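A quick note: this is a predicted structure, and the numbers were derived from the prediction, not measured. We number each residue from 1, following the sequence as shown. Computed over heavy atoms, backbone and side chain alike; hydrogens, waters and symmetry mates excluded.
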Amino acid sequence: MKYHIIPVTAFSQNCSLIWCEHTQQAALVDPGGDAEKIKAEVARRGVTLSQILLTHGHLDHVGAAAELAEHYQVPILGPDKEDAFWLGGLPAQSQMFGLEECAPLIPTQWLAEGDEVKVGEMTLKVLHCPGHTPGHIVFINQQARIALVGDVLFNGGVGRSDFPRGDHQALINAIRTKLLPQGDDMGFIPGHGSMSSFGHERQTNPFLREAPPPR
C-alpha cells in the first residue's frame, strides 16, 4: 500500500490518499475539506480514485466528501451507521465551527465490524472503535502493517470523548482490545498530527499506561 497524507482544513486534519501500487486504484480516507488541494494531489500521483472512505462523521473529516464523490463519480463508504446523526447534522456542525455550510450526507454504504474494503489488490479490514463518536471505524491493512485510525488514537494522545454520545471508557477499551492486539509493529495514520505505531503508544501514551497494582 502506498499512501500520502494531505493536511486539510483549519484543523490540519490528515486526509490520506492510499493506493495499490500494482493497479493504481486509489481511495481517499477522510477528505475533510480543501477539495481542490486534494484533487491536485490525486492528479499529481496519476492514480485512479475508486472510492471515498470515512472513519466518522465529524465535519473536519467529511467536509469535502460529497463534492469529491460527485467529481470522481465514486461511492462513499463508512462510517458505521451509529454516526448517522453526525452526518445528518453537518449544517449545525458548520455553524458551530464557523465554517462554510456543509449539507447533510448519507454514504453510499455504511460499514460495520468485520467488513472488508478492496482498493485494487489491497484489502482493508474494518474495526468498529466507538468512544470518540459511536460509529467510529478504523481501517487496517494487514499486509502493509498500516492502520488508518481517524480520531481514536494519536501520537501521545487519544480522541476526545466530550461530544454527544462520546464515551471515554469505550474509547480506551476499543484501543486496548482491538487496536493494540494488532501488534506493536503496526504503524498508524491518525486523524491529526504525526504517525506512530501501536507499540510506541502502548509503551509511552499516558492514556494507555497500566495503573500500578495497589500496595
Using 0.5 Å steps for rounding, measure from the CG atom of Leu153 to the NE2 atom of His132. 12.5 Å
Could you tell me whether Arg45 and Glu41 have a side-chain N and a carboxylate O separated by less than 4.0 Å? yes
Report yes if the side chains of Asp30 and Cys15 come closer than 4.5 Å at any heavy-atom pair, otherwise no. no
Taking the ring of His136 and the ring of His128, is the distance between their centroids below 6.0 Å? no
Asp184 bridged to Arg202 by N-O distance under 4.0 Å: yes
I need the Arg160 CZ to His58 NE2 distance, nearest 0.5 Å. 8.5 Å
Side chain to side chain donor-acceptor pair (under 3.5 Å) involving Glu121 - partner list, sequence neighbours excluded: His22
Among Leu17, Ile38, Val119, find the one that has a side chain to side chain contact (heavy atoms under 4.5 Å, CB included) with Leu49. Leu17
Which of parallel (below 30°), tilted (30 to 60°) and perpendicular (above 60°) describes Phe97 and Phe11? perpendicular
Describe, in one word, how the ring planes of Phe163 and Trp86 are oriented to each other, choosing from parallel (under 30°), tilted (30 to 60°) and perpendicular (over 60°). perpendicular
Would you sort out whether Glu201 and Phe188 count as a side chain to side chain contact (heavy atoms under 4.5 Å, CB included), showing the intermediate values? CA-CA 10 Å; Glu201 298 311 307; Phe188 69 88; 3.6 Å; yes
Lys/Arg-Asp/Glu bridge criterion (N-O < 4.0 Å) met for Lys39, Glu67: yes
Leu127 and Leu179, any side-chain heavy atoms less than 4.5 Å apart: yes
Looking only at atom types and distance, does a side-chain atom of Asp167 sit under 3.5 Å from a main-chain N or O of Gly131, one as donor and one as acceptor? no
